[in-house]
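What follows is a set of notes on a single structure, which appears directly below.
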Amino acid sequence: MNSVTSHSNSLRDWIQSTARAGHDIDQIVQMMLRAGYQPRQARQLVAKILNRPAVAIDVAMDVRNGRRSRHPEAPSQLAEGRRVDVTMSVECPTIRVLEGLMDAQECDELIELARPRLDRSRTVNSKGDDQLDEARTSQGMFFQVGEAPLIQRVEQRIAALLDMPVEYGEGLQVLHYLPGQQYEPHYDWFDPTHHGFKTLTAKSGQRVATVLIYLNTPEDGGGTHFPNARVTVTARRGTAVYFAYQSGDKDSLHAGLPVTAGEKWIATKWLRELPFV
Ligand code: PD2
Ligand code: ZN
C-alpha cells in the first residue's frame, strides 16, 4: 500500500470494527505496525479512516510512548529549504555536528535580540528552584517559543531536521561567555534522584535531546567537550552540535570549555518527551 488514498475496503472495515470493539487508536496503530505498516503510514491511515486529525493521533501516541527525535544523518539534510551538512557523527553517545544550521546574518540578528535581555545564568537546583551557579559563569536569557519571526524560522528548521514538532522544544536559550567563563561538565537530562525532578518533568516529561548552536566563532577556546566520548566540537558560527540521550545516560556528559580569547555566544534548544507547556 503506497498512499492514504489507496487503502483497501477490507483495511477500512478492519480499522472501523476494531475501533468499535473498544481498541483505542494507539492499540490499532500498534497492531498495524506488527503487521508490517510503517509508523507514519499507519497513523495517517487510522486518522483518515476514523476521521481524526493526524496531529491529535501523533500527540496521543507520543503521550503514551514518549517522543524521541530522529537523529540527522550524513551527508546532509534539507530542513525547511535549507541544506544542513552533517559533518561528524558519533554513535555512543549520539552526537551530530550540523554545519550551516544558521547563516551569519541570522546569528548576528539573534545575538542582537538577546543582548539587551542578558542576565547572569541560573540553573535549577534539587528543589526545582532557580539558582545562581558557580559552575556556570556565563550570562543568559530565554526567548518564548515563536517569539520573533527569526526564532520561529530557527525552531521550524530544528523541528524539520529532527522530525519533532516545534511544540516539543523549550524556549531558545542564548548564553554569552567572556574569557575565563565556562560551563563545567554536566548532563542536560533531569536527575531522577533530585527532589525537584517530579515538578520539572510533570507536564512535559524528560529532556531527550539538545541542539546547541554557535552564534559566533570565539577567538580561542569555547568548544563543547564530551569527556566520556573523548570528543570536542569546535565552536564555529552557524554550526550546531546535536546530542540525544536518555534519563541516566552517563555517556552524554558534556561541558562548555573555557573561552580563552574573545567571546562566545550560543543558542540552546532542549527537546522534551512531550509538548512543552
Ligand atoms: O556553552 C556550551 O558550550 C555548553 C556546553 C554544555 C552549553 C550547555 N551545555 C548547555 O547550555 O546545556
Ligand atoms: Zn549542557
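Each ligand, and each atom within it, is numbered from 1 in the order the structure gives. Everything numeric here is computed off the predicted structure, so don't read it as measured data. We're numbering straight along the sequence, starting at 1.
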Pull out every atom of ligand 1 sitting under 4.0 Å from any heavy atom of K264, numbered as shown with elements.
1 (O), 2 (C), 3 (O)

With backbone taken as N, CA, C and O and side chain as the heavy atoms from C-beta onward, which portion of T210 lies under 4.0 Å from ligand 1: side chain, backbone, both, or neither?
neither

If you measure only the distance, is there a donor-acceptor pair under 3.5 Å linking the side chains of T210 and Y245?
yes

Distance filter under 4.0 Å to Y177 heavy atoms, resulting ligand 1 atoms
1 (O), 2 (C), 4 (C), 7 (C)

Which is it for L257 and ligand 1 at heavy atoms under 4.0 Å: side chain, backbone, both or neither?
neither

Would you tell me whether D249 and W189 have side-chain atoms, one donor and one acceptor, within less than 3.5 Å of each other?
no

In sequence, state the C-alpha distance, the side-chain angles, and the governing distance for E170 and R272, and then conclude on salt bridge (charged side-chain N to carboxylate O under 4.0 Å, His left out).
CA-CA 7 Å; E170 297 182 26; R272 295 290 194 105; 2.8 Å; yes

Mutual orientation of the aromatic rings belonging to H176 and W265 [parallel < 30°, tilted 30-60°, perpendicular > 60°]
parallel

At a non-hydrogen distance cut-off of under 4.0 Å, which region of A255 contacts ligand 1 (side chain, backbone, both, or neither)?
backbone

Do E91 and R96 sit within salt-bridge range, that is, some charged N less than 4.0 Å from a carboxylate O?
yes

Under a 3.5 Å threshold, yes or no: a donor from one side chain and an acceptor from the other, between Y214 and T224?
yes

Using 4.0 Å as the upper bound for N to carboxylate O, is an ion pair formed by E106 and R157?
yes

Going by heavy atoms, is Q182 under 4.0 Å from ligand 1?
no

Between W270 and ligand 1, which residue portion shows a heavy-atom distance shorter than 4.0 Å: side chain, backbone, both, or neither?
side chain

I'd like to check whether Y183 has a polar contact with ligand 1, where a contact means an N/O of the residue lying under 3.5 Å from an N/O of the ligand.
no

Contacts under 3.5 angstrom, residues 228-239 side chains, donor-acceptor by atom type, not counting sequence neighbours:
residue, atom, partner, partner atom, Å
N228, ND2, K250, O, 2.8
T232, OG1, H225, ND1, 2.8
R237, NH1, D108, OD1, 3.3

Between E147 and R117, does at least one N-O distance fall below 4.0 Å, as a salt bridge requires?
yes

Examine the side chains of T193 and D191 and answer whether a donor and an acceptor come within less than 3.5 Å of each other.
yes

For the Zn ion (ligand 2), every protein N/O/S atom that sits closer than 2.8 Å, waters excluded:
H186 NE2, D188 OD1, H254 NE2

Taking only heavy atoms of L212, which atoms of ligand 1 are found under 4.0 Å from at least one of them?
4 (C), 5 (C), 7 (C), 8 (C)

Please confirm whether H186 comes under 4.0 Å of ligand 1, counting heavy atoms of the residue only.
yes

